[in-house]
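Below you'll find the structure, written out as structure tokens, and then a few comments.
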Amino acid sequence: MLTLPELIDQLLNVRQLPTISSVALVLEQSLNEEEPEIQRISRIISEDPAITSMVLKLANSALYGARRTFSSIQDAVMRLGFQEIRKMVMALAIVEYLVNKNFDMIDPPQFFSHSIGVASGMELINSTAGMVTENSNQLYVIGLLHDLGRWVTANYLPEVHQHIMPENNTESENKDIIKLERQNIGLDHAQIAAALLERWGLPLTIVQGVRFHHEPDAAPEATKKLSRLIYLVDNLCMKHKIGEVGEGLDGQIPETAWKRLGLSPDAEERILPQIKAVLEHSEVLLSIGGYRGEKARQ
Ligand SMILES: [Fe+2]
Ligand SMILES: [Fe+2]
């Protein structure tokens with residue numbers, strides 16, 4: 001019987017998972033520094049011509065107001081600000097990463113809508129509640145990446161992924177995706193994604209937010225609130241069918257999930273339309289990132 005670290009090593013090494021654009025990783029790692037210099041950030045982004053051209057297309061898209069024209073990355077960083085550019089780069093790097101694979105079991109628009117929905121919902125709730133984490137700049141990225149483990153199993157362990165998809169799992173009464181993954185793979189998708197993000201050198205807060213998105217009470221004290229936030233928003237998106245990643249969960253939200261964050265369940269009605277409003281972003285990002293709706297080449 002392999003230990004957990006051995007299982008993770010086996011999956012990540014043997015399957016040789018690709019990495020995302022190093023530009024996105026470098027920007028995320030440099031977040032802890034003081035306000036980064038515009039020129040330095042622009043230089044880092046310019047090292048990846050594909051990301052550079054996608055960022056400019058996105059900055060010049062209707063999402064950012066068609067009247068403004070950004071002619072260079074430096075101009076975009078200066079006018080949109082480092083945080084916005086960072087989010088753009090990570091989102092586009094993830095689209096670029098996702099579209100280079102098979103989509104037999106993961107539907108990119110559904111996967112991406114769910115990721116953007118959770119990312120935006122976390123930011124929205126955090127700004128309403130205003131107390132969830134000191135690392136509010138990392139919420140968007142955590143939401144964006146939280147279900148990457150589902151993409152990994154669909155592409156690198158397709159047989160077992162298919163076998164445990166809740167609709168195929170008729171023999172068992174057990175529809176808990178986390179339990180099913182642990183029984184059949186030895187790891188669940190939150191553990192897989194967290195291990196992958198750790199290898200990519202992303203900050204611990206991001207790794208832990210992703211790791212505990214299905215079991216927030218098990219999170220270390222320092223990231224408990226953050227984990228409770230992602231748990232809440234993830235369930236909210238599942239309940240209202242904001243994208244999906246084949247977890248087969250109905251997104252029931254216990255009242256305590258709201259209360260523990262200092263929120264009333266009434267917040268659901270207020271926040272939901274705001275989350276839905278940002279879903280058009282996922283379509284624009286997918287199209288700029290190269291998704292054309294066809295099955296990807298491998
Ligand atoms: Fe999940
Ligand atoms: Fe999710």
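Positions are given from 1 along the sequence.
H146 has its ring centre less than 6.0 Å from the ring centre of H114.
The shortest distance between side-chain heavy atoms of D188 and H214 does not fall below 4.5 Å. By the 4.5 Å heavy-atom criterion applied to side chains, R182 and Q191 are counted as neighbours. At least one side-chain heavy atom of D234 sits less than 4.5 Å from a side-chain heavy atom of D147. In this structure the side chain of E47 never reaches within 4.5 angstrom of the side chain of V26, judged on heavy atoms. Inter-residue side-chain proximity for L286 and P109 is flagged as met; some heavy-atom pair is nearer than 4.5 Å. At least one side-chain heavy atom of L58 sits under 4.5 Å from a side-chain heavy atom of L63. Residues Y231 and L261 have side chains not in contact (no heavy-atom distance under 4.5 Å, counting atoms from C-beta outward).
Listed here is the closest heavy atom pair of I51 and S21: CG1-OG, 3.7 Å. Residues L148 and L98 share a closest heavy-atom pair of CD1-CD2, 4.2 Å. The minimum heavy-atom distance between L56 and I73, with the atom names listed, is CD2-N, 4.0 Å. The minimum heavy-atom distance between S120 and Y140, with the atom names listed, is OG-CE1, 4.2 Å. Counting all heavy atoms, side chain and backbone alike, S227 lies closest to I230 at O-CG2, 3.3 Å. The two residues L202 and Q29 make their nearest non-hydrogen contact at N-NE2, 4.4 Å.
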* **Step-by-step side chain to side chain contact (heavy atoms under 4.5 Å, CB included) determination, W258 to L236** => CA-CA 11 Å; W258 294 99; L236 187 71; 4.2 Å; yes

* Asked: Going through the checks in order, is the side chain to side chain contact (heavy atoms under 4.5 Å, CB included) test met by R86 and V141?
  -> CA-CA 9 Å; R86 217 189 89 237; V141 173; 3.7 Å; yes

* How far apart are the C-alpha atoms of M90 and I20, what are their side-chain angles, what is the distance that settles it, and do they pass the side chain to side chain contact (heavy atoms under 4.5 Å, CB included) test? -> CA-CA 9 Å; M90 181 57 87; I20 55 167; 3.7 Å; yes

* **Verdict with reasoning, E244 to M238, per side chain to side chain contact (heavy atoms under 4.5 Å, CB included)** => CA-CA 7 Å; E244 63 112 13; M238 288 192 275; over 6 Å; no

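Transitive grouping of hydrophobic side chains (ILVMFWY, heavy atoms separated by less than 4.5 Å) keeps F212 and L197 in distinct clusters. The hydrophobic cluster containing V118 also contains L196, counting ILVMFWY residues as joined when their side-chain heavy atoms lie under 4.5 angstrom apart, directly or transitively. Note: the hydrophobic cluster containing L229 does not contain L204 (ILVMFWY, side chain heavy atoms under 4.5 Å, direct or indirect links).
Judged purely by atom type and a 3.5 angstrom limit, S113 has no side-chain atom pairing as donor or acceptor with the backbone of I242. The backbone N or O of E280 sits nowhere less than 3.5 Å from a side-chain atom of E283 that would complete a donor-acceptor pair. No donor-acceptor pair closer than 3.5 Å links the side chain of Y291 to the backbone N or O of L285. Checked by atom type and distance alone, the side chain of R150 pairs as donor or acceptor with a backbone atom of V245 at under 3.5 Å. Remark: the backbone N or O of F70 is paired with a side-chain donor or acceptor of N60 at under 3.5 angstrom. Between the side chain of N184 and the backbone N or O of L180, at least one donor-acceptor pair lies under 3.5 Å.
In this structure, CD1 on I85 lies 8.5 Å from OG on S42, to the nearest 0.5 angstrom. E269 contributes atom CD, which lies 11.0 Å from atom CD1 of I271 (distance to the nearest 0.5 angstrom). Summarising the geometry, atom CG belonging to L187 is positioned 9.0 Å from atom CD belonging to E181; distances are rounded to the nearest 0.5 Å. One finds the CH2 atom of W200 at 7.0 Å from the CG atom of L25 (value rounded to the nearest 0.5 Å). Distance check: N235 CG to H213 NE2 gives 9.5 Å after rounding to the nearest 0.5 Å. Atoms CG and CD, on D48 and E96 in that order, are 6.0 Å from each other to the nearest 0.5 Å.
Salt bridge annotation for K239-E268: present, with a cationic side-chain nitrogen under 4.0 angstrom from a carboxylate oxygen. Ion pairing between D217 and R228 holds under the 4.0 Å rule for side-chain N and carboxylate O. D75 and R79 are joined by a salt bridge, as a carboxylate oxygen and a charged side-chain nitrogen come within less than 4.0 angstrom of each other.
Side-chain polar atoms of Q208 and R211 form no donor-acceptor pair below 3.5 angstrom. For the residue pair H161 / H189, no side-chain donor-acceptor distance below 3.5 Å is found, with atom types taken as modelled.
Evaluated for a side chain to side chain contact (heavy atoms under 4.5 Å, CB included) with M88, the options I288, V55, L27 yield exactly one hit, V55.
Enclosure of atom CD in Q39 is not indicated, since only 12 or fewer non-hydrogen atoms of other residues, nucleotides or ligands lie within 6.0 angstrom.
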